[in-house]
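For reference, the structure discussed in these notes is given below.
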Amino acid sequence: MYYIDVILPIPIRQAFTYSVNKDEALFLKPGMRVAVPFGRSKVYTAIVFRSATAQEPGYPTKSIDHILDEAPLINSHQLKHWQWMASYYLCTLGEVVRAALPSLFLLESETMVRLKETELIDESILDDDEFQVVEALGHQQTLHINDIRSILDRHSVVKVLQGLLEKDCILIHEEVQERYKPRLKTFIRLRADLHQESALNEVLEQMSRAHAQRLALMKMYLLTADPNTEDISQVDLQKASEVSPGVIKALLDKGLMEQYVKQMDRLDFYPGSVANLPQLSSHQLTALEEIEDYHGQELPVLLHGVTGSGKTALYIHLIARQLEAGNQVLYLVPEIALTTQLIQRLQAFFGEFLGVYHSRYNLQERAEVWHNVAAKKQKARLIIGARSAIFLPFQNLGLVVIDEEHEPSFKQHNPAPRYHGRDSALVLAQHHGARVVMGSATPSLESSYLADKGNYGLVKMPYRYNKMLMPQMELIDIREGYRKKRMTGHFSERLIEQMSESLESGSQVILFQNRRGYSPVLSCSTCGVVSECPNCDVSLSYHEYQQQLRCHYCGYSMPVPVECPACGSATLDAKGLGTQQVEAEVKELFPDYRVARMDQDTTRGKKAHSRLINQFEDREIDILVGTQMLAKGLDFAGVKLVGVMNADNLLSFPDFRAHERCFQLLVQVGGRSGRQSEQGLVLIQAFNPYHTILQQVTQYDYPAMYSQETEERRQFKYPPFYRVIRLTFKDRNRQKMQQASRWFATLLRHALQVEILGPEVPVIGRIRNQYLTHILIKFDRDLSAYAIKETIYRAENRFKGLKEFSTVRIVMDVDPY
DNA sequence: AGCACGCCGACT
DNA sequence: GTCGGCGTGCTC
Ligand SMILES: [Zn+2]
Ligand SMILES: [Zn+2]
């Protein structure tokens, strides 16, 4: 007997050992999948983690069910990277596997139920539930356990099934279905000999009476001869020859045409590249040389280039060199939804090499990209993807591009693994010996700091491409405006005046309404009460479209009440999104121009976002009102003026990064203006325009922001000088949760000579009826994170031994920002 | 994480 | 009396 260690995709911090026979032992290698029985009855997909040994473990083992792969699905680079991730981000390998593998590869067994093929079932011995199940099985041969749950309208159906099993009515079995199915499509073609015109004519003559069939056959001949058509489906021919399906069926029956099946590509196919590499300016050339120089020294590069400096063109040159060398390239972007423009641009140069990977792809599509990358297929040599693309089976990664490096959305918050896409990609690149370039117009403080320390090479591009000037920034004091009653709604006189001028000259305008995390609520104008979620400590948000109130945290929903539940008055008032209000005001101020809104509401659908962008690009919209999404890497040629409705509320967030984020956001939004011809103008309305950050924004004074912020971070022990690990305690019982967190904090204070903050109740103290509290562990980044994490684990183990806290869950988040 | 076992309140 | 709630422990 031989034994293998496997990883199961579950949050348990240990490997499991299964027995295999000799043949299996020789065959199985790390990274292959095996189906294993686990627990009572379920069969799970597990990943072989350690090859077989003859060493018998000290406990009984089960044997594997069967082997799922002929060759490892996961390569050694990946296993190494995933192990790093689990240990750095304090999660289990199983959790990493869950996140990393397209779920298609992680089959679980499904419990299926069938009627036993006996004569007649004596229905009198069945109770109501049992009868219902048997009746349903009469209609449908097999039922999934979930079907039975919905038939009986309850979750626990095991008892019922057991009863039926005892009465010998049904069979239960566990089924594992291989769910990856290549997409097959059926096409038709002429019988081989009919490609000869003479042969065809002969046939046509013989069928002089079947007019429609003749027509279809002739059309088929023409379509086949056309070099532009490839495969012809039955429907294609029907449409082309305008005959009924029966006609074509008749031709098939006669054997004049035949069917064949072809495996189709599910992924978008990008046509081959047409464009030459973009011409670089002398500034860009210098930057490119500097980058390559640092790369020669094996340093990742931080490319700090102002908006419009042409960073993408540099990436394109770097990518081209890697592709020429036959290497794979990963291009990470913060949010794939926002990359239509980027994909269009890259496909002009690298069409045939380009693959895209993100969470909006369905399971089959993701599996297909995975296979393409693993096979080093040409069409997957350059992968554009969101953070999860770091899990793909790269083998010879030559370059990782991390675009908009400063974007906080690179960090995954829930569920585990709570990893940072950029930081994990850096480690991945290190494992591969790949080069890295991280780009931003407003680098994150962490990255700038590491560049300062010499961990990264820093390359600057302070000028816009084509000598365009940076947009001019101007602050508008709206406190004055409100005091003197000079405001029209949210608009200052200056903003209105500039908008008119801009619109009249034919330019487009972007208005930025930045209320982070703000969603519309319903409040009573009589008593002021806002409807709250019964399960969470948050107000319900108002969904105009569906006329309901919904909780974003637990999904609770209720119809919009007519009367205030607190005081009974019918004076409920929906406060719309900030963007909605601004949009309404704009329509009133500029009735002759076309206004559109870009926020969570209007970009709900899959394509809504890119449709809006295209409309704006095509100048079908004059004024675009939007939220943060406007700040991210979009290029609009026709925009001269950008207005920021209220800069203060960016600064008022209780987050140590509020200032940094404000600077980044404003500079990025401002960068949307004046990209093509004239110098752009950015008007920033603020109640306190003298705030240093706002002053630094108007001067584009990144160095000043950087030195001021780093000083504060150093003083208050925040990243990048200190590392932060956040522990969240959760329980339905508030007291128990509080006690547990206090116990844990005390233990940590004894065990660690570092700063422990809390327990402290977070902004939202209850979600899904679970009470929450935080403990923050802060320690100098030069201390060994490894040792501290070990201590946390030891504390957790002791904690788990305490019965009184057994229901309390601890969520660990490393670098929780 | 699932999942089953087992113990207690509140209904036919 | 039974049903279903949830606390408890286990999974190679
Ligand atoms: Zn809720
Ligand atoms: Zn009221």
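Chain identifiers are assigned alphabetically (A, B, ...) following the order of the sequence lines, protein sequences preceding nucleic acid strands; residue numbering begins at 1 within each chain.
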Range-with-range stems of DNA chain B (Watson-Crick or G-U pairs under 3.5 Å, three or more in a row): B:1-11 with C:1-11
Distance under 6.0 Å and angle within 45° of ring axis: Lys803(A) vs Phe805(A): no
Pi-cation contact, Tyr771(A) with Lys736(A) (under 6.0 Å, within 45°): no
Residues which pass ring pair (Phe, Tyr, Trp, His ring centres under 6.0 Å) with Tyr817(A), listed by chain and number, not counting sequence neighbours: Phe656(A)
Residues Arg422(A) and Glu446(A) bridged, charged N to O under 4.0 Å: yes
Pair Asp423(A) + Arg387(A), salt bridge at N-O below 4.0 Å: no
Scan nucleotides 7-12 of chain C against the protein and return all N/O pairs shorter than 3.5 Å with their distances rounded to 0.1 Å.
{"from": "dT8(C)", "atom 1": "OP2", "to": "Ser806(A)", "atom 2": "OG", "distance (Å)": "2.7"}
{"from": "dT11(C)", "atom 1": "O3'", "to": "Gly39(A)", "atom 2": "N", "distance (Å)": "3.4"}
{"from": "dC12(C)", "atom 1": "OP1", "to": "Tyr18(A)", "atom 2": "OH", "distance (Å)": "3.4"}
{"from": "dC12(C)", "atom 1": "OP2", "to": "Lys62(A)", "atom 2": "NZ", "distance (Å)": "2.6"}
{"from": "dC12(C)", "atom 1": "O3'", "to": "Thr17(A)", "atom 2": "O", "distance (Å)": "2.6"}
{"from": "dC12(C)", "atom 1": "O3'", "to": "Lys62(A)", "atom 2": "N", "distance (Å)": "3.0"}
{"from": "dC12(C)", "atom 1": "O2", "to": "Thr17(A)", "atom 2": "N", "distance (Å)": "2.8"}
{"from": "dC12(C)", "atom 1": "O2", "to": "Tyr59(A)", "atom 2": "OH", "distance (Å)": "3.0"}

More than 12 heavy atoms from other groups under 6.0 Å of CD on Gln14(A): yes
Under 3.5 Å side-chain donor-acceptor pair for Asn362(A) and Arg366(A): no
